[in-house]
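Order of appearance sets the numbers: ligands from 1, and atoms from 1 within every ligand. The residues of the chain are indexed from 1 along the displayed sequence. What's counted below: heavy atoms across the whole structure, side chains too, no hydrogens, waters or symmetry copies. Small disclaimer: the values here were computed from a predicted structure and weren't measured.
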Amino acid sequence: IYTMTATYYRKGQTSEQVVLPAADMDFASQVETALEQHQFFLVYQPQLDFNSGRLKGVEALIRWRHPEKGIISPDKFIRVAELTGLIVPLGKWVMRTACAQAAQWRDDPVLGQMEVSVNVSALQLKSGTLVEDILHVLEETGLPPHRLVIELTESAFVQDDGHNASMMHRLKEAGVKLAIDDFGTGYSCLSYLRDIPGDYLKVDRSFVMELPGHNKAGAVIQAIVSLGKSLDYRIIAEGIENEAQASFLKQLGCDIAQGFLFAKPLEADALQRWVAEQQQPLSIKSSAA
Ligand code: C2E
Ligand code: MG
Ligand code: MG
Ligand code: MG
């Protein structure tokens, strides 16, 4: 039954055929069916400016509404989607849906100005047409390019022969922004930072979790902030769950806050209600570091 092979794009440029374990293959076909049957949906998590306390944007995050198993989180299916190449059609669906939604917020006084961040797998870069696909979606939906942020992890740029960086330059020329996600967790190679036109560095939740008690996590974040700022990046801290973490991160010089403390990822209509309920900008005091 499981004679199907998956195209597995390795970190090196060549693609090769590998046979996935039957369980993964079975799961992959469920992902494919789910895409056809519109079982995926997006939620949007607010990102706030530490200083003004105002909403800066939202990050789109995928969810799977499984007919029997309920809501399934991306940690459970993105890997298999990547291994099978399904990440390409799935990623296109995410891009189109997030941009269409953001464009639809046009008349909302707050959300109409917001940036929408979309996670892009490094493997989507190998599909070859990512830049054209994105530009096409922007044209189709009418979303102004400066309202779109692409989130990529370091793995897209480490060992890059320059191809991925040049794709980012083309997007940058069109006005699209770039964030480096989960920064500090993947690789220690930093040289790519000067070659790519990045706008945001996202400090990974694993560092934020350790705050405020853990001195070494604080030191790592401080180093990320100072490196990022000297290269003109704005720093986003993700996974902020309590006030102590928020004030510590503000003190360290982070620019933008994202985490359950402020809001969980919300479906579009719930997000609109959340925005309407915000009476005044939030205020975070800096703590002594
Ligand atoms: P990520 O891009 O680093 O997204 C941040 C994750 O942290 C999200 O998990 C979010 O719900 C979670 N998070 C945010 N604030 C907090 C907090 O205060 N506490 C805790 N415990 N968690 C927090 P989620 O939605 O489960 O997504 C997990 C990962 O799956 C994402 O990490 C991203 O790598 C991937 N992913 C999600 N949506 C997509 C997508 O549309 N395309 C691709 N390629 N990957 C996606
Ligand atoms: Mg992300
Ligand atoms: Mg992240
Ligand atoms: Mg992550």
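- Aromatic rings of Phe77 and Phe40 (six-membered ring for Trp) have centroids within the 6.0 Å cut-off, being under it.
- Interface of Ile240 with ligand 1, defined as ligand atoms under 4.0 Å from a residue heavy atom, comprises 18 (O).
- Of all the heavy atoms of Lys202, none lies under 4.0 Å from any atom of ligand 1, so neither backbone nor side chain is involved.
- Close approach of ligand 1 to Gly259 is summarised as follows: ligand atoms under 4.0 Å from at least one heavy atom of the residue are 15 (N), 18 (O).
- When the heavy-atom distances from atom 43 (C) of ligand 1 to Ile72, Leu61, Asn119, Leu152 are ranked, the shortest goes to Asn119.
- Rounding to the nearest 0.5 angstrom, the gap separating the CG atom in Asn164 from the NE2 atom in His169 is 11.5 Å.
- The Mg ion (ligand 3) lies closest to atom OE2 when only the N/O/S atoms of Glu238 are considered.
- Taking CG of Leu135 as the reference point, atom CG of Leu148 lies at 9.5 Å (rounded to 0.5 Å).
- For NE2 of His66, the number of neighbouring non-hydrogen atoms (other residues, nucleotides, ligands) closer than 6.0 Å is greater than 12.
- Short contacts between ligand 1 and Asp181, defined as distances under 4.0 Å to a heavy atom of the residue, involve ligand atoms 1 (P), 2 (O), 3 (O).
- Of all the atoms in ligand 1, the ones that sit under 4.0 Å from a non-hydrogen atom of Gly239 are 15 (N), 16 (C), 17 (C), 18 (O).
- The closest side-chain donor-acceptor pair between Gln124 and Asp133, if any, does not fall under 3.5 angstrom.
- For Leu261, the side-chain contact (heavy atoms from CB on, under 4.5 Å) partners are Ile240, Glu243, Ala246, not counting sequence neighbours.
- No other N/O/S atom of Asp182 lies as close to the Mg ion (ligand 3) as OD1 does.
- Distances from ligand 1 to the non-hydrogen atoms of Pro265 include at least one value under 4.0 Å.
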ask   = Taking it one step at a time, do Gln258 and Ile236 satisfy side-chain contact (heavy atoms from CB on, under 4.5 Å)?
value = CA-CA 7 Å; Gln258 180 178 352; Ile236 303 176; 4.1 Å; yes

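- Residue Ser117 does not count as close to the Mg ion (ligand 2), with no N, O or S atom under 2.8 Å.
- A heavy-atom separation below 4.0 Å is found between Arg63 and ligand 1.
- Proximity to Ile78 (heavy-atom distance under 4.0 Å) selects the following atoms of ligand 1: 43 (C), 45 (N).
- For ligand 1, the atoms closer than 4.0 angstrom to any heavy atom of Pro74 are 24 (P), 25 (O), 26 (O), 27 (O), 28 (C), 30 (O), 36 (N), 37 (C).
- Both Leu190 and Tyr233 sit in one connected hydrophobic cluster of ILVMFWY residues. Membership requires side-chain heavy atoms under 4.5 Å apart, directly or through other members.
- Residues Val149 and Val118 form no side-chain contact, since every pair of their non-hydrogen atoms from C-beta on lies 4.5 Å or further apart.
- Between Trp105 and Tyr44, the distance from one ring center to the other falls under 6.0 angstrom.
- Where the criterion is an N or O separation shorter than 3.5 Å, residue side chain and backbone included, Ser73 fails it with respect to ligand 1.
- Checking Ser206 against Asp204 by side-chain atom types alone, a donor-acceptor pair falls below 3.5 Å.
- Each of the atoms 14 (C), 15 (N) of ligand 1 lies under 4.0 Å from some heavy atom of Gln45.
- The residue from Lys177, Lys56, Lys172 that alone fulfils the salt bridge (Lys or Arg N to Asp or Glu O under 4.0 Å) condition with Asp199 is Lys172.
- In Glu238, the part holding a heavy atom less than 4.0 Å from any atom of ligand 1 is the side chain.
- Hydrophobic clustering (ILVMFWY, side-chain heavy atoms < 4.5 Å, transitive): Tyr200 and Ile224 are in distinct clusters.
- The N/O atoms of Ile62, backbone and side chain alike, include one that comes under 3.5 Å of an N/O atom in ligand 1.
- Residues passing the side-chain hydrogen bond (donor to acceptor under 3.5 Å, both in side chains) test with Asp195: none are found, sequence neighbours excluded.
- Put simply, Asp204 stays out of reach of the Mg ion (ligand 3), with no N, O or S atom under 2.8 Å from it.
- Leu201 and Met209 fall into different hydrophobic clusters, where Ile, Leu, Val, Met, Phe, Trp and Tyr residues are linked whenever their side-chain heavy atoms come under 4.5 Å apart, directly or through other members.
- Backbone and side-chain nitrogen or oxygen atoms of Phe260 are examined, and one is located within less than 3.5 angstrom of a nitrogen or oxygen of ligand 1.
- Using a non-hydrogen distance threshold of 4.0 Å, Lys264 does not register as a contact of ligand 1.
- Taking distance alone, with nitrogen or oxygen atoms compared against 3.5 Å, Gln258 stays at or beyond that limit from ligand 1.
- The option from Val118, Leu90, Leu42, Asp182 that lies nearest to atom 3 (O) of ligand 1, judged by heavy atoms, is Asp182.
- When heavy-atom distances to ligand 1 are checked against a 4.0 Å cut-off, Val94 comes that close only through its side chain, counted from C-beta outward.
- The angle Glu151:OE1 - the Mg ion (ligand 2) - Glu59:OE2 amounts to 90°, with values rounded to 10 degrees.
- The atom of Asp181 nearest to the Mg ion (ligand 3) is OD1, with the search restricted to N, O or S atoms.
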